[in-house]
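Beneath this line is the structure, given in structure tokens, with notes to follow.
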Amino acid sequence: MENKHVIGSVVSLLTDADKRLRILNYLKRIYYCEEIGDLDHKMLAYFERELIPVPAR
């Protein structure tokens, strides 16, 4: 398995742990995400090393 995070899972940024992202797609080692609560639904691209999993509460 090449990708660490599953499509549809919620992650946060390593540099901003308060920002929550939902993974929409994974292609060629890049995760395409949208920020949760963002009304514009902009597609954001991150490498795996920039993302951390959000612990379940």
Side-chain angles (χ1 to χ4, degrees):
M1 184 169 171
E2 187 179 325
N3 56 337
K4 180 179 175 182
H5 306 290
V6 180
I7 293 174
S9 64
V10 177
V11 295
S12 63
L13 291 175
L14 186 62
T15 56
D16 185 6
D18 293 332
K19 186 180 241 184
R20 299 290 191 247
L21 305 168
R22 179 170 289 111
I23 297 175
L24 301 176
N25 201 356
Y26 176 78
L27 184 63
K28 295 185 181 182
R29 303 177 74 134
I30 299 174
Y31 289 92
Y32 295 93
C33 311
E34 70 176 355
E35 186 175 353
I36 294 175
D38 181 19
L39 299 177
D40 293 333
H41 299 288
K42 290 182 254 176
M43 201 65 120
L44 306 169
Y46 296 100
F47 291 108
E48 183 176 294
R49 65 181 175 266
E50 299 176 282
L51 302 174
I52 55 174
V54 174
R57 294 182 184 195

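Being a predicted model, the structure only gives us computed values, none of them experimental.
To the nearest 0.5 Å, the span separating CD1 on I23 from CG on N3 amounts to 8.0 Å. Distance CZ/R49 to CZ/R29: 9.0 Å, rounded to 0.5 Å.
In the hydrophobic clustering, where aliphatic and aromatic side chains (Ile, Leu, Val, Met, Phe, Trp, Tyr) are joined below 4.5 Å either directly or transitively, L14 groups with I52.
Looking at S12 and R20, their side chains come closer than 4.5 Å, going by heavy atoms from C-beta outward. Using a 4.5 Å cut-off on side-chain heavy atoms (C-beta onward), L21 and L13 make contact. H5 has its side chain within reach of P53: a pair of non-hydrogen atoms, C-beta onward, lies under 4.5 Å apart.
In the hydrophobic clustering of this structure, L27 does not group with I7; members are Ile, Leu, Val, Met, Phe, Trp, Tyr whose side-chain heavy atoms approach within less than 4.5 Å, directly or through other members.
Applying the ring pair (Phe, Tyr, Trp, His ring centres under 6.0 Å) criterion to Y26, with sequence neighbours excluded, gives Y31. Residues passing the side-chain contact (heavy atoms from CB on, under 4.5 Å) test with D18 are D16, sequence neighbours excluded.
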Side chains of residues 33-47: which donor-acceptor partners sit under 3.5 Å, not counting sequence neighbours?
| unit_1 | atom_1 | unit_2 | atom_2 | d |
| --- | --- | --- | --- | --- |
| E34 | OE1 | H41 | ND1 | 3.1 |
| D38 | OD1 | D40 | N | 3.3 |

